[in-house]
Amino acid sequence: MTIEMAKSLSGHDKEQFYVVLHEDGEFVYLVNGVNRTLEKPKKKNRKHIQIIKKLPGEIIECLSKGVTDTAVKRAVKLYEQNM
């Protein structure tokens, strides 16, 4: 599984960061661990997000152990702090 993060470019969640749960054609399913959990991911058109290419090692390490709501929440928070 590839670990990807994305930034929302449009919509009411503009400028929010998410972890890409999975892809389905032109749509992606995004989670942030708070209001978008693994049970209720956000379906968003691929052209309305920007994939983040270079992730810090601590984020990859955090998510490589297993994707849980807590791990996703921590990864998003770490990325926002590193910006």
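- Pro41 approaches Leu38 most closely through the heavy-atom pair CD-O, 3.7 Å.
- Here Ser8 contributes atom OG and Lys42 contributes atom NZ; the two are 7.0 Å apart, rounded to the nearest 0.5 Å.
- Between Met5 and Tyr18 the shortest side-chain heavy-atom distance does not fall below 4.5 Å.
- Using a 4.0 Å cut-off between charged side-chain N and carboxylate O, Arg46 and Glu23 make a salt bridge.
- Using a 4.5 Å heavy-atom cutoff, the side chains of Ile3 and Ser64 are in contact.
- Lys65 places a side-chain heavy atom less than 4.5 Å from the side chain of Glu61.
- In this structure, the separation between CD1 on Ile60 and OG1 on Thr2 is 11.0 Å, given to the nearest 0.5 Å.
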Report task. Applying side chain to side chain contact (heavy atoms under 4.5 Å, CB included), run through Ile52 and Glu4 and close with a yes or a no. Result -> CA-CA 7 Å; Ile52 299 167; Glu4 292 183 321; over 6 Å; no
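- Nearest heavy atom pair, residue Asn32 against residue Phe17, reads CB-O, 3.9 Å.
- With a 4.5 Å cut-off on side-chain heavy atoms, His22 and Val28 do not count as touching.
- A salt bridge links Asp13 with Lys44: the distance from a Lys NZ or Arg NE/NH1/NH2 to an Asp or Glu carboxylate oxygen falls below 4.0 Å.
- Across every non-hydrogen atom of Ala75 and Cys62, the tightest pair is N-SG, 4.3 Å.
- No more than 12 heavy atoms of other residues, nucleotides or ligands shown are found within 6.0 angstrom of NZ on Lys73.
- Cluster annotation: Val34 is not connected to Val72 through the hydrophobic network of ILVMFWY side chains, with a link wherever side-chain heavy atoms come within less than 4.5 Å.
- Within the 4.5 Å cutoff, the side chain of Lys7 has no heavy atoms near those of the Gln16 side chain.
- Heavy-atom minimum distance, Leu30 versus Arg36: O-CB, 4.0 Å.
- Taking hydrophobic clusters as Ile, Leu, Val, Met, Phe, Trp and Tyr residues chained together by side-chain heavy-atom distances below 4.5 Å, Phe27 does not share a cluster with Leu21.
- Contact annotation: the side chain of Asp24 approaches that of Tyr29 to within less than 4.5 Å [non-hydrogen atoms, C-beta and beyond].
- Smallest separation of non-hydrogen atoms from Ala6 and Ile51: CB-CD1, 4.2 Å.
- By the 4.5 Å heavy-atom criterion applied to side chains, Ile49 and Leu9 are not counted as neighbours.
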